[in-house]
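Chain letters run A, B, ... following the sequence lines, proteins first and then strands; every chain starts at 1. Keep in mind it's a predicted model, so treat the numbers as computed, not measured. Reckoned from all heavy atoms, side chains included, excluding hydrogens, waters and symmetry mates.
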2 protein chains.
Amino acid sequence: MEVKKATTIHDIARALNLNSSTISRALNDHPRVSQKTRDKVKAKAKELNYQPNNLAANLRTNKSNTIGVVIPFVSRYFFSTAIAGIEDIAQSYGYNVIITQTKDITEKEQESINTLLNSRVEGILISPAMYNDNIEHIQKAIDQQIPVFCFDRYAEGLQTTRVLMDDHKTALLMCDHLIQQGAQKITVLSGYKTASIYSNRQKGIIDSYIKQGIDLKHLNINEMELSTHKAYSYVKDLISKGKVPDAVYALNDMTAFGAIKAISENNLSVPEDVLVVGFSNEPLAELFTPSLTTVNQPAYEMGKLVAKKLILHLEDNEELLTSETSILKSELIIRESSLRKKRKI
Amino acid sequence: MEVKKATTIHDIARALNLNSSTISRALNDHPRVSQKTRDKVKAKAKELNYQPNNLAANLRTNKSNTIGVVIPFVSRYFFSTAIAGIEDIAQSYGYNVIITQTKDITEKEQESINTLLNSRVEGILISPAMYNDNIEHIQKAIDQQIPVFCFDRYAEGLQTTRVLMDDHKTALLMCDHLIQQGAQKITVLSGYKTASIYSNRQKGIIDSYIKQGIDLKHLNINEMELSTHKAYSYVKDLISKGKVPDAVYALNDMTAFGAIKAISENNLSVPEDVLVVGFSNEPLAELFTPSLTTVNQPAYEMGKLVAKKLILHLEDNEELLTSETSILKSELIIRESSLRKKRKI
DNA sequence: TTGAAAGCGCTAACAA
DNA sequence: TTGTTAGCGCTTTCAA
């Protein structure tokens with residue numbers, strides 16, 4: 001079978017009796033090329049179905065016009081929404097985006113970063129894996145002059161730009177709210193402290209207890225894999241042991257839904273018997289019965305912001321700026337699930 | 001500031017008094033290189049922090065090891081889950097994935113495909129935009145010998161490999177179920193027929209009516225943007241006009257949730273007064289009150305399958321196979337929202 | 001088993 | 001305004 005080779009600028013040059021460098025200039029709208037030539041070249045390019053080869057251009061210019069994204073799970077609502085923001089910004093600035101998943105596993109994250117470096121991405125946006133015990137692989141990118149910006153989560157000890165939520169303050173305020181609604185014995189369903197977001201949220205909750213002068217022995221912080229299913233089992237178990245809390249503070253919404261299910265199935269009610277709050281404001285939190293009190297995290301804006309910061313950094317090349325932390329505002333959304341009502345008798 | 005240039009195979013060659021071609025072979029585990037040299041080269045590479053440059057290798061071999069993905073929205077649950085499957089397969093075969101969003105807009109899709117071609121992806125996985133009135137831009141890729149495989153949705157008139165759900169059959173069965181539960185006047189909330197999935201589901205519903213011998217005048221198919229909000233407004237409006245249907249068949253879950261909200265707010269109950277079913281089996285469908293009858297779409301498996309088919313095609317280069325349609329099994333999940341109960345008085 | 005040399009398609013400094 | 005030329009970092013054929 002005859003495979004016709006792709007048209008190159010040399011083919012166009014030959015067809016027009018021009019030099020390939022003129023073709024290159026014309027196609028890139030370089031100023032020092034006559035309008036006439038430019039038109040002629042573009043017409044011929046179209047005629048010959050010319051498709052530029054970025055690989056070659058990138059090799060030559062040592063610019064790939066690509067940014068890499070490293071996240072735990074694409075399919076998690078928060079991350080896929082952040083990616084939407086990253087994509088939108090990248091596209092508007094003419095950058096490609098390569099996405100890699102780590103599944104919260106350090107080895108995968110190392111691999112990811114390595115492939116991204118091999119592919120000569122110009123910068124990396126990362127939400128580090130939960131259980132990272134070292135960050136050499138991230139540091140390696142920075143050592144190779146590839147900027148690595150963190151969003152949502154960050155790696156302790158890595159001096160770089162971060163775009164985060166104010167997890168500490170938000171958790172503190174939410175805990176205040178629960179206490180204000182009469183809760184004292186709160187069960188927290190948290191991810192592992194090795195991820196900055198969970199460690200900060202835990203601290204916020206503890207600080208709320210301290211501020212309100214409540215004995216910390218009433219606070220039950222439980223670290224677990226944050227899934228609907230795990231939360232369901234855990235809370236069910238808790239209830240069966242007679243340790244019914246005043247409130248369940250789940251550090252994401254899916255977990256809160258699992259908790260609510262376990263509570264309802266045990267002939268207890270939310271919020272009459274147990275208050276429940278979540279974190280993330282998933283699309284369904286509002287529609288759920290009871291509607292879920294949660295925190296609105298501007299994932300899309302976060303993606304946009306961190307992508308914009310990276311691209312501007314790449315284009316300005318402000319070598320001086322080594323780190324900057326931006327905190328995005330999150331918002332408590334108080335709904336039915338945390339508003340204490342008298343039990344209907 | 002002194003920017004030290006990245007190490008190349010030439011640097012390694014110089015350091016070891018070898019030729020760069022030997023370095024290349026050693027690093028790629030080419031058989032015709034002595035074990036001793038290989039070890040020496042790899043050690044030196046590590047010592048010098050050598051980072052391979054895929055751009056150069058790709059240009060030389062004319063292989064980018066990258067596949068492009070074109071979808072409407074990354075943040076939609078179905079697509080982000082499919083991407084997870086695509087990523088997993090791609091990674092295991094050593095391919096990168098570039099993801100682009102079309103937002104269901106044809107122009108964006110054209111741009112997407114063009115960038116992917118410029119980046120010399122080896123193949124494209126696409127779920128075409130909803131309102132495509134032409135497919136020239138997709139055909140263009142195929143004309144350039146870049147295979148384009150469709151998943152979930154497909155472009156009419158494009159002869160290529162497709163991995164789909166059996167939308168027609170599934171919709172038919174679901175409609176049968178509703179009728180069996182006593183519904184006759186069904187309101188369908190559908191996306192636009194220009195997308196294959198919606199056109200096929202509509203046909204399935206119509207065929208169910210015909211099969212069951214029910215007059216089609218009782219069937220109200222409404223095309224709209226499928227969002228929770230739009231569904232809410234539409235159903236609310238319907239009820240206020242006194243046109244309460246027996247059942248609402250929403251062609252995705254988010255839309256079903258909107259419909260349920262509108263119904264509940266009008267002092268009607270699901271399923272007592274109106275049956276409601278959805279499509280997709282979003283994570284919360286099960287936890288919702290009432291739990292939502294829907295269709296389980298194996299998005300992750302679909303992503304895996306279509307990615308695997310593409311990669312095997314790329315590696316085998318079976319030029320003969322021009323098209324193949326795989327239909328994945330989807331599953332009706334019957335839950336509370338569609339099971340007719342007597343109204344409690 | 002290793003080396004020499006050419007070239008993938010493009011850009012850009014310099015020359016004309 | 002256009003042409004000449006070199007080279008980005010790698011792979012691969014052919015020769016040694």
Run the side chain to side chain contact (heavy atoms under 4.5 Å, CB included) check on B:Phe149 and B:Thr160 step by step: do they pass? CA-CA 6 Å; B:Phe149 285 18; B:Thr160 184; 3.9 Å; yes
Using heavy atoms to find the nearest nucleotide of DNA chain D for B:Leu59 and A:Ser20 separately, return the residue whose nucleotide is more 5′. A:Ser20
Sub-3.5 Å donor-acceptor pair from the side chain of B:Ser127 to the main-chain atoms of B:Phe151, do we have one? yes
Looking at every strand, decide which applies to B:Ser34 at a 4.0 Å heavy-atom threshold: base, sugar-phosphate, or nothing. sugar-phosphate
Can you tell me if A:Gln110 and A:Asn114 form a side-chain donor-acceptor pair at under 3.5 Å? no
Around B:Lys308, counting heavy atoms of other residues, nucleotides and ligands shown, do more than 12 lie under 6.0 Å from its NZ? no
So what does B:Ser21 hit on the nucleic acid, given a heavy-atom distance under 4.0 Å: a base, only sugar-phosphate, or nothing? base
salt_bridge(A:Lys140, A:Asp143) N-O dist < 4.0 Å: no
Would you indicate what A:Asn62 reaches in the nucleic acid, counting non-hydrogen atoms under 4.0 angstrom: base, sugar-phosphate, or nothing? nothing
Base, sugar-phosphate alone, or nothing: which one does A:Asn54 contact when heavy atoms must sit under 4.0 Å apart? nothing
Could you check whether B:Asp11 gets within reach of a base, just the sugar-phosphate, or nothing at all, counting any heavy atom under 4.0 Å? nothing
For B:Tyr300 and B:Asp88, does a side-chain donor sit closer than 3.5 Å to a side-chain acceptor? yes
Need one value for A:Ser24: base, sugar-phosphate or nothing, where a base atom within 4.0 Å counts as base even if backbone is also close, heavy atoms only. base
Beyond-backbone contact of B:Asn58 with B:Arg120, side-chain heavy atoms, under 4.5 angstrom: no
Assign each of A:Ile9 and A:Arg32 the nucleotide of DNA chain C bearing its closest heavy atom; nearer the 5' end lies the nucleotide of A:Ile9
Could you list where the contact with chain A starts and ends along DNA chain C, reading 5' to 3', using a 4.0 Å heavy-atom cut-off? C:dG9 to C:dA13
Using side-chain heavy atoms (C-beta onward) and a distance below 4.5 Å, is A:Pro52 in contact with A:Leu27? no
DNA chain D: 5'-most and 3'-most nucleotides touching chain B, 4.0 angstrom heavy-atom criterion: D:dG9 to D:dT13
Exercise: identify the closest heavy-atom pair between A:Ile124 and A:Ala141: CD1-CB, 4.3 Å
Have a look at B:Leu18 and say if it touches a base, only the backbone sugar-phosphate, or nothing, with a 4.0 Å heavy-atom cut-off. sugar-phosphate
Determine, for A:Lys44 against A:Glu47, whether the closest basic-nitrogen to carboxylate-oxygen distance falls under 4.0 angstrom. yes
When the axes are fitted on five pairs at both termini, how much does the helix from C:dT1-D:dA16 to C:dA16-D:dT1 curve, in 10° steps? 30°
Quick check: closest heavy atoms across A:Ser323 and A:Gln159, and the distance to 0.1 Å? CB-CG, 3.8 Å
Contact nearer the 5' end of DNA chain D, comparing A:Arg38 with B:Leu55: A:Arg38
